[in-house]
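Just below is one structure, and these are the notes that go with it.
Within every chain, numbering begins at 1; the chains are lettered A, B, ... in the order of the sequence lines, protein sequences first and strands thereafter.
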Amino acid sequence: MSARRRYWLMKSEPDTFSIDDLERVRTEPWNGVRNYQARNFMRDGMQVGDGVLFYHSNTEVPGIVGTATVASKAYPDETQFDSKSVYFDSKSTREEPRWFLVDVAFERKFSRTITLDEMKQHAARLGEDFALIRRGNRLSVLPVSAAQWKYLLSLE
DNA sequence: GCCAACGTTGGC
DNA sequence: GCCAACGTTGGC
């Protein structure tokens, strides 16, 4: 028995890893998340098959650029053990890994970007629990309700 | 490039 | 356990 499909939004800086990069490689380990809340969403909340809104942050026009799916259960982020990686964490051990990730698989690139600006205009409809447009929210992985997912896709 | 927001670290 | 200092995120 599997629980109902859940939905998420995951941010990536397109200069580092864009939706086009994901389309090219098809599946990517979502490494480098070093925020506990974001980690908890991946480790404790995500299941294979969940829907992901792929969001481009820190770019000229930030917004949702496509969809992906969660393609694995959570497992330890290998980069935390790599002393040469920028994501290296000297306090993490293989016995007790601190950071987890999931694999994310490309699904679809939108015909256009659903911009952050546009989402703000639809704030009333998206609701107060839509974390992306709550002031000051910097989480790079955040939950999206089924209603928000449906509504955001309808904007394309 | 600036800087507000805010999570994390570390001294006490 | 408080909280100032610091570092990072990410919109603008």
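Chaining together hydrophobic side chains whose heavy atoms lie under 4.5 Å apart places A/Tyr87 alongside A/Val86.
A side-chain donor-acceptor contact under 3.5 Å links A/Glu156 to the backbone of A/Ser111. Checking side-chain atoms of A/Arg134 against main-chain N and O of A/Glu128 turns up a donor-acceptor pair under 3.5 Å. Distance alone, capped at 3.5 Å, places no donor-acceptor pair between the A/Arg39 side chain and the A/Val33 backbone.
Looking at A/Asp21 and A/Ser18, their side chains do bring a donor and an acceptor atom within 3.5 Å of each other. Side-chain contact annotation: A/Arg34 with A/Thr79, donor-acceptor N/O pair under 3.5 Å present.
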Contact list (N/O, under 3.5 angstrom) for nucleotides 1-3 of chain C vs protein:
none

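Residue A/Arg134 is the one, among A/Arg98 and A/Arg134, whose nearest nucleotide of DNA chain B lies closer to the 5' end (criterion: closest heavy atom).
Heavy-atom minimum distance, A/Phe81 versus A/Pro76: CE1-CB, 4.4 Å.
A side chain to side chain contact (heavy atoms under 4.5 Å, CB included) with A/Tyr55 is found for exactly one of A/Pro14, A/Pro62, A/Ser12, namely A/Pro62.
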Under 4.0 Å protein heavy-atom contacts per nucleotide of nucleotides 7-12 of chain C, with B for base, S for backbone only and - for none: BBBBBS
